[in-house]
Amino acid sequence: LWENASESGILTIVPNPVHQRFRIEFESDESSDGIMIIRDLSGRMILNTDLSIHESFNSKEVILPDCSPGAYSIQVISNRKIYNARFIVQ
């Protein structure tokens, strides 16, 4: 399903830096199933979850499991786009 994703999109993290809760926001030109992956900077997966992506504006609240302070990456993958961002946990 996601092997055809090749375009990149803009993913916004609100607020950033984060504590345990934050929101992701992005635009999509189609509705599709997707996945959201959060990794620490060593590449260790922190969270991997399915995501329903809607045509137009998307906003989803994310609650992190216990994470050490530091930098993390988040990736949302839809049928055609890959959205990437980094955030700081305080």
- So, do D33 and D50 sit near enough that their side-chain heavy atoms are less than 4.5 Å apart? no

- Closest non-hydrogen contact found for Y72 with C67 is OH-CB, 3.5 Å

- Chi angles and distances behind the side chain to side chain contact (heavy atoms under 4.5 Å, CB included) call for L47, V62: CA-CA 10 Å; L47 185 65; V62 178; 4.2 Å; yes

- Message: If hydrophobic clusters are built from ILVMFWY residues whose side chains come within less than 4.5 Å, do M45 and I82 share one?
- Response: yes

- Query: Heavy atoms, side chains only, cut-off 4.5 Å: are E27 and I10 in contact?
  - Reply: no

- State the NZ-OG distance between K60 and S52, to the nearest 0.5 angstrom. 8.5 Å

- Message: Using 0.5 Å steps for rounding, measure from the OG atom of S73 to the CG atom of L11.
- Response: 10.5 Å

- Query: Within a strict 4.5 Å, meaning less than it, do heavy atoms of the F22 and L64 side chains meet?
  - Reply: yes

- Same apolar cluster (I L V M F W Y, side chains within < 4.5 Å links), I77/L51: no

- Task: Without swapping roles, check the side chain of N16 against the backbone of R86 for a donor-acceptor pair under 3.5 Å.
- Result: yes

- Item | Distance, nearest 0.5 Å, that separates CD1 of I88 from CD1 of I13 | 11.0 Å

- Give the minimum heavy-atom separation between I53 and E30, together with the two atoms involved. CG2-O, 4.0 Å

- State, yes or no, whether a side-chain contact exists between I46 and P65 at a heavy-atom distance under 4.5 Å. yes

- Scanning both residues in full, the closest heavy-atom pair of E25 with V14 reads OE1-CG2, 4.1 Å

- Enter the distance from I38:CD1 to Q75:CD here, rounded to the nearest 0.5 Å. 11.0 Å

- Is there a path from V76 to I35 through hydrophobic residues (I, L, V, M, F, W, Y) whose side chains come within less than 4.5 Å of each other? no

- Item | Non-hydrogen side-chain atoms of I37 and R39 separated by less than 4.5 Å | yes

- Mark yes or no for whether S31, through its side chain, and E55, through its backbone, hold a donor-acceptor pair below 3.5 Å. yes

- Message: Looking at every heavy atom in both R21 and P15, which two are closest together, and how far apart are they?
- Response: O-CD, 4.3 Å

- Task: Would you name the heavy atoms of K81 and G9 that are closest together and state the gap between them?
- Result: CD-CA, 4.5 Å

